[in-house]
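Before any comments, here is the structure.
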Amino acid sequence: MNVFSPDGRPLHHVAIAVPSIDGAAALYERLAGTPCSEPETVSGQGVRVSFCGQVELIEPLAADTTVGRFIERRGPGLHHLAYLSKDLAEDLRLLAEADIELIDSEPRPGAGGHLVAFLHPRSTGGILVELVQHPD
């Protein structure tokens, strides 16, 4: 069952958890063929982020953050997939009606002034999924 509009939701980015953006940037700049953005701190999520094309590098601000614990348990690697949303609040409502487990029932601030919300991996085949709405 497609709970989204007929135009679908394009992939926005793939996030990679890394212990250090500075240590990982050169590899992802080479792979993407473009420089990474200046790192931005997203205090509410306990991370620093930088984008190399459509790859988001996420570095924990401390070991006791969600991403810090992720790296401790699993090591660096794929953290989440993010899809673009035109109306995040409505998408969350539709997903909840379809029994998709939400981590965020309301949009929250993300990097670059975007609104974001996460879906629980238990409902998405074991992959953390983020929905991203660009600022108006």
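This chain uses plain numbering: 1 for the first residue, then up along the sequence. Computed from a predicted structure; not experimentally measured. Worth knowing before you read on, the calculation uses all heavy atoms, side chains too, and leaves out hydrogens, waters and symmetry mates.
At least one donor-acceptor pair under 3.5 Å links the side chain of Glu59 to the backbone N or O of Ile21. No side-chain donor-acceptor contact under 3.5 Å links Ser123 to the backbone of Ile100. Not a single donor-acceptor pair under 3.5 Å links the side chain of Arg48 to the backbone N or O of Pro39.
Applying the 6.0 Å contact sphere to CZ of Phe70 captures more than 12 heavy atoms from other residues, nucleotides or ligands.
A continuous path of ILVMFWY side-chain contacts below 4.5 Å connects Leu92 to Tyr83, so both sit in one hydrophobic cluster. In terms of hydrophobic clustering, with Ile, Leu, Val, Met, Phe, Trp and Tyr side chains grouped at heavy-atom distances under 4.5 Å, Leu61 and Val49 are assigned to different clusters. At a threshold of 4.5 Å between side-chain heavy atoms, the hydrophobic network of Ile, Leu, Val, Met, Phe, Trp and Tyr places Leu119 and Leu11 in one connected group. If you chain together hydrophobic residues whose side chains sit under 4.5 Å apart, Val42 and Val14 never meet in one group. Note: the hydrophobic cluster containing Ile71 also contains Val47 (ILVMFWY, side chain heavy atoms under 4.5 Å, direct or indirect links).
Between Cys52 and Leu57, some side-chain heavy-atom pair lies under the 4.5 Å cut-off. Residues Leu102 and Leu95 meet the side-chain proximity criterion, which asks for heavy atoms closer than 4.5 Å. At least one side-chain heavy atom of Phe118 sits under 4.5 Å from a side-chain heavy atom of Glu130. Between His79 and Val67, some side-chain heavy-atom pair lies under the 4.5 Å cut-off. Arg69 places a side-chain heavy atom less than 4.5 Å from the side chain of Thr66. Within the 4.5 Å cutoff, the side chain of His120 has no heavy atoms near those of the Val129 side chain.
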Extract all donor-acceptor atom pairs below 3.5 Å that involve side chains of residues 27-37 and protein atoms in other chains or at least two apart in sequence.
{"from": "Glu29", "atom 1": "OE2", "to": "Cys36", "atom 2": "N", "distance (Å)": "3.0"}
{"from": "Ser37", "atom 1": "OG", "to": "Phe51", "atom 2": "N", "distance (Å)": "2.9"}

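Salt bridge Glu90/Arg93: present, at least one basic N to carboxylate O contact under 4.0 Å.
Between Asp91 and Ser85, the closest heavy-atom pair is OD2-OG, 2.6 Å. Annotation for Thr65 and Pro60: closest pair OG1-CB, 3.5 Å, computed over non-hydrogen atoms. Contact record, Ala24 with Val18: CB-CG1, 3.8 Å, taken as the closest heavy-atom pair.
Classification of the His114-His134 ring pair by plane angle, with boundaries at 30° and 60°, yields tilted.
Defined by atom type and a distance below 3.5 Å, a donor-acceptor pair is present between the side-chain atoms of His13 and Glu56.
Each of Leu115, Leu88, Asp104, Leu84 was scored for a side chain to side chain contact (heavy atoms under 4.5 Å, CB included) with Leu131, with one residue passing: Leu88.
For the atom pair CD of Glu38 and OG of Ser50, the computed distance is 7.5 Å after rounding to the nearest 0.5 Å. Taking CD1 of Ile58 as the start and CD1 of Ile16 as the end, the distance is 8.5 Å to the nearest 0.5 Å.
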